[in-house]
Amino acid sequence: VKKFSEDFQILLFHYDGRTSEWDQFEWSKRAVHISIRKQTKWWYAKRFLHPDVVAAYDYVFIWDEDLGVEHFNADK
């Protein structure tokens, strides 16, 4: 998340119900957290990333927790 500037909005889908653990990170306060237990990432995407919602954005990144980002530059 640190790779994204203030120009980005962060939305986290929590499928394990453990949202308070993210409170330790400063950036977490500006992120939107959605938690519904025992759902898949595609379930969240289908329900919360509706075309009417994402139309306001130029890009939408859907990240999986095992994706490496050491060389990722969000602004590029």
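All values below were derived from every heavy atom in this structure, side-chain atoms included, with hydrogens, water molecules and symmetry-related copies excluded.
The two residues Glu6 and Arg30 have their closest heavy-atom pair at OE2-NE, 3.6 Å. Closest approach of Ser35 to Gly17, counting heavy atoms only: OG-CA, 3.2 Å. In plain terms, the two heavy atoms of Trp27 and Leu12 that are nearest each other are CZ3-CD1, 3.7 Å.
At least one donor-acceptor pair closer than 3.5 Å links the side chain of Lys3 to the backbone N or O of Glu70. Of the possible polar contacts, one joining the His33 side chain to the Ser28 backbone as a donor-acceptor pair under 3.5 Å is found.
Contact of the Ile62 side chain with the Trp42 side chain is registered, since non-hydrogen atoms from C-beta on lie closer than 4.5 Å. Looking only at side-chain heavy atoms (C-beta outward), Gln39 and Tyr44 come within less than 4.5 Å of each other. For the pair Arg37/His14, no side-chain contact is recorded, criterion being any heavy-atom separation below 4.5 Å from C-beta on. Ile34 has its side chain out of reach of Thr19: every pair of non-hydrogen atoms, C-beta onward, lies at least 4.5 Å apart.
Remark: Tyr57 OH is loosely packed, at most 12 non-hydrogen atoms of other residues, nucleotides or ligands lying under 6.0 Å away. With a 6.0 Å radius and a threshold of 12 heavy atoms from other residues, nucleotides or ligands, Lys46 has its NZ atom at or below the threshold.
With sequence neighbours excluded, the residues that form a side-chain hydrogen bond (donor to acceptor under 3.5 Å, both in side chains) with Arg18 are Glu21. Contacts of Asp75 classified as side chain to side chain contact (heavy atoms under 4.5 Å, CB included), with partners at least two apart in sequence or in another chain: Ser5, Phe8, Asn73.
Ring geometry for Phe48 versus Phe13: interplanar angle of 30 to 60°, hence tilted.
Close placement of the Phe61 and Phe4 rings is indicated, their centers lying within 6.0 Å of each other.
Asp7 CG to Asp58 CG: the interatomic distance, rounded to the nearest 0.5 Å, is 11.0 Å.
A continuous path of Ile, Leu, Val, Met, Phe, Trp and Tyr side chains, each step under 4.5 Å between heavy atoms, connects Leu49 with Ile36, placing both in one hydrophobic cluster. Both Val32 and Tyr15 belong to a single network of hydrophobic side chains, linked directly or stepwise wherever heavy atoms of I, L, V, M, F, W or Y lie under 4.5 Å apart.
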